[in-house]
Q: 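Sharing a structure, written as structure tokens. Questions coming.
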Amino acid sequence: MIQTIGKNFLWGGAISAHQCEGAYNEDGKKPAAADMMLGGTLAQHWASFGEPIDENKYYPTHRAIDFYHRYKEDIQLFKEMGFNALRLSIAWSRIFPNGGLNDEEPNEKGLQFYDDLFDELTRNGIEPVVTICHYETPLALYEKYGGWKSREMITLFEKYCRVIFTRYKNKVKKWINFNEINSMMFVGCLGPAIRIGRRDPDFMPVILQAAHYMLVAGAIATKLCHEIIPDSIMGAMLGGHKIYAFSCDPKDQLLAMLENEKQFYFIDTMMSGRYPYYSERMREQYGVTLDMTEEDLKLLKENTCDYLSFSYYQSMTVSADDAKEQTAGNMSKAASNPYLKSSEWGWQMDPDGLRIFMNELYSRYHKPLLIAENGLGAKDVLINGTVEDDYRIDYLRDHIRAFKEAMRDGVELMGYLPWGCIDLISCSTGQISKRYGFIYVDLDDEGNGTLKRYRKKSFGWYQKVISSNGEDLD
Ligand code: BG6
């Protein structure tokens with residue numbers, strides 16, 4: 001059935017705690033694993049994961065954009081743009097500073113912060129859409145267990161979920177379990193907080209086991225959420241790419257099929273309640289026998305997600321020929337697609353890919369979709385108190401057109417929440433100079449700046465888009 005943008009459509013933006021809040025050790029909070037990362041080039045940023053925090057160095061997430069102290073001002077700007085929703089995450093180590101390990105009680109100041117934040121959003125007509133863990137495993141759990149390598153993590157995650165569902169049951173009705181759970185197929189340090197290189201022969205066995213623990217924890221979160229907040233919905237979250245084969249060579253096509261299996265392995269499980277048919281062969285290929293119980297499988301079966309949220313920045317083209325020119329991607333590298341333009345960071349922009357991808361997702365699950373991230377990371381120049389970011393407007397306009405087409409194709413879409421609606425710290429490089437926002441934040445990659453906020457040209461444009469309910473895209 002043809003879908004249109006209805007009055008309940010979510011228009012807003014998306015951020016995460018560690019990329020915005022700062023205050024990384026204030027009011028009882030202790031560091032998250034992401035707070036070990038130093039920023040710089042992508043390689044430097046990843047390499048700093050697992051090294052002890054050196055207080056003499058600048059860590060981008062420690063102060064970030066100081067959303068912790070400035071959220072009221074930022075929410076006023078979101079309101080001015082017309083947002084009716086904001087996706088954000090709770091920092092687990094603000095609630096349980098040690099991840100629940102030896103934390104008898106949750107940290108009241110941390111709980112109060114989110115109470116105040118959710119109240120402020122609600123007062124301003126903005127519904128919070130909350131990610132339970134956006135790459136924010138507490139450092140204490142990394143130190144104790146090496147991240148999600150241990151089954152103990154499931155119990156600690158359950159403890160955290162129970163506390164936040166109980167506390168915020170009247171304030172938050174839309175939840176997302178883990179941010180981009182499939183990103184762990186590319187990088188260990190973010191989602192599961194595991195220090196392991198992708199070329200390590202143990203990479204896939206370790207990741208597949210951690211994935212199992214996270215999937216079970218996600219199922220428990222869904223169960224608790226439905227029990228404690230009966231009128232709530234829980235979403236899975238995919239780091240999404242439309243994957244193309246570089247050519248009609250069956251070898252390229254086969255590779256595209258296998259890459260898609262890696263991409264969908266997690267959400268196939270969370271949306272349908274059982275591991276996909278191809279999972280056994282995948283495990284066999286990597287010589288993995290999972291620590292998996294009958295009880296785990298029962299939990300997966302009985303607690304599927306209600307909707308699918310996903311990020312979409314680019315498509316990915318794969319070739320069996322390693323000699324093909326490569327381009328950078330969101331945590332991955334792929335063959336360069338000659339039909340597409342790239343961002344300054346080499347991400348290939350592909351709005352038609354969004355429409356195709358949404359159709360693929362919807363035909364796979366037949367559950368509502370939510371665009372939980374989309375946007376263009378670019379170097380902006382502030383001149384006379386604003387940024388003429390027509391390149392960002394063009395990118396977003398093309399993607400809005402594409403999702404409207406997908407809706408006309410019949411895809412159910414709950415909303416559009418572009419990433420980094422206010423400039424924030426990049427997840428893959430720790431830079432702030434990779435900006436996504438409608439709002440410019442005066443801060444550089446070394447931590448200098450007043451943190452003052454400025455409206456970019458795209459701010460007024462997005463305001464018009466929202467007030468016309470997606471009709472006026474000029
Ligand atoms: C997604 C993450 O992968 O992409 C965000 O969920 C991240 O946390 C976003 O910031 C954009 O990536 P980057 O590396 O440009 O910050």
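Numbering starts at 1 and runs along the sequence shown. Whatever order the structure lists ligands and atoms in, that order sets their numbers, starting from 1.
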Q: What's the verdict on side chain to side chain donor-acceptor pair (under 3.5 Å) for D115 and Y168, showing C-alpha distance, side-chain angles and the deciding distance?
A: CA-CA 7 Å; D115 262 322; Y168 306 124; 5.1 Å; no
Q: Verify whether one side chain among N303 and H226 offers a donor that lies under 3.5 Å from an acceptor in the other.
A: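 The answer is no; no qualifying pair exists.
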Q: By number and element, which atoms of ligand 1 are closer than 4.0 Å to a non-hydrogen atom of K434?
A: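 Selected atoms, number and element: 13 (P), 14 (O), 15 (O).
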Q: Report, in ascending order of atom number, the atoms of ligand 1 lying under 4.0 Å from any heavy atom of N179.
A: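 In order of number, 2 (C), 6 (O).
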Q: Does Y436 have any side chain to side chain donor-acceptor pair (under 3.5 Å) partners at least two apart in sequence or in another chain, and if so, which?
A: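 Partners of Y436 by the side chain to side chain donor-acceptor pair (under 3.5 Å) criterion come out as none, since no residue qualifies.
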Q: Assess whether a salt bridge exists between D306 and K174, defined as any Lys/Arg side-chain N lying under 4.0 Å from an Asp/Glu carboxylate O.
A: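 No, D306 and K174 are not salt-bridged.
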Q: Measuring from the heavy atoms of W345, does anything fall under 4.0 Å of ligand 1?
A: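 W345: no contact with ligand 1 (<4.0 Å).
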Q: Give the numbers and elements of all ligand 1 atoms closer than 4.0 Å to a heavy atom of Y436.
A: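 Those of ligand 1 that fall under 4.0 Å from Y436 are 11 (C), 12 (O), 13 (P), 15 (O).
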Q: Out of all atoms in ligand 1, which are within 4.0 Å of some heavy atom of S426? Include the element for each.
A: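 Answer, ordered by atom number: 13 (P), 14 (O), 15 (O), 16 (O).
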Q: Pick one: which of F459, W461, Y462, W419 meets ring-ring contact (aromatic ring centres under 6.0 Å, His included) with F438?
A: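 Passing option: Y462.
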Q: Within ligand 1, which atoms have a heavy atom of C427 less than 4.0 Å away?
A: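 Per the distance check, 7 (C), 8 (O), 10 (O), 13 (P), 14 (O), 16 (O).
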Q: Report yes if some N/O of M237 lies less than 3.5 Å from some N/O of ligand 1; otherwise report no.
A: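 Between M237 and ligand 1, no N or O pair is found under 3.5 Å apart.
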Q: Consider every N or O of S428 and every N or O of ligand 1, then say whether any pair is closer than 3.5 Å.
A: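 It does: an N or O of S428 is found under 3.5 Å from an N or O of ligand 1.
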Q: Can Y395 and H399 be said to form a ring pair (Phe, Tyr, Trp, His ring centres under 6.0 Å), step by step?
A: CA-CA 6 Å; Y395 177 98; H399 285 78; 4.0 Å; yes
Q: If you measure every N/O of Y135 against every N/O of ligand 1, is any gap under 3.5 Å?
A: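 No; every N/O pair is 3.5 Å or more apart.
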Q: Show the atoms of ligand 1 that are less than 4.0 angstrom away from any heavy atom in Q19.
A: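 Close to Q19: 5 (C), 7 (C), 8 (O), 10 (O).
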Q: Go through ligand 1 atom by atom and flag the ones less than 4.0 Å from a non-hydrogen atom of Y313.
A: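 Near Y313, the atoms of ligand 1 are 4 (O), 9 (C), 11 (C).
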Q: Tell me, do Q314 and M349 make a side-chain contact under 4.5 Å, heavy atoms counted?
A: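 Q314 vs M349: side chains apart.
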Q: Any N/O of E373 closer than 3.5 Å to an N/O of ligand 1?
A: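 Between E373 and ligand 1 (N or O atoms, distance only) the closest approach is under 3.5 Å.
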Q: With sequence neighbours left out, what residues match K404 under side chain to side chain donor-acceptor pair (under 3.5 Å)?
A: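 If we apply the side chain to side chain donor-acceptor pair (under 3.5 Å) test to K404, skipping adjacent residues, there are no hits.
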Q: Distance under 6.0 Å and angle within 45° of the ring axis: does K30 meet both against W92?
A: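 Judged by the rule, K30 and W92 form no cation-pi pair.
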Q: Show me which atoms of ligand 1 lie under 4.0 Å from any heavy atom of W347.
A: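 Matching atoms, with element in brackets: 12 (O), 15 (O).
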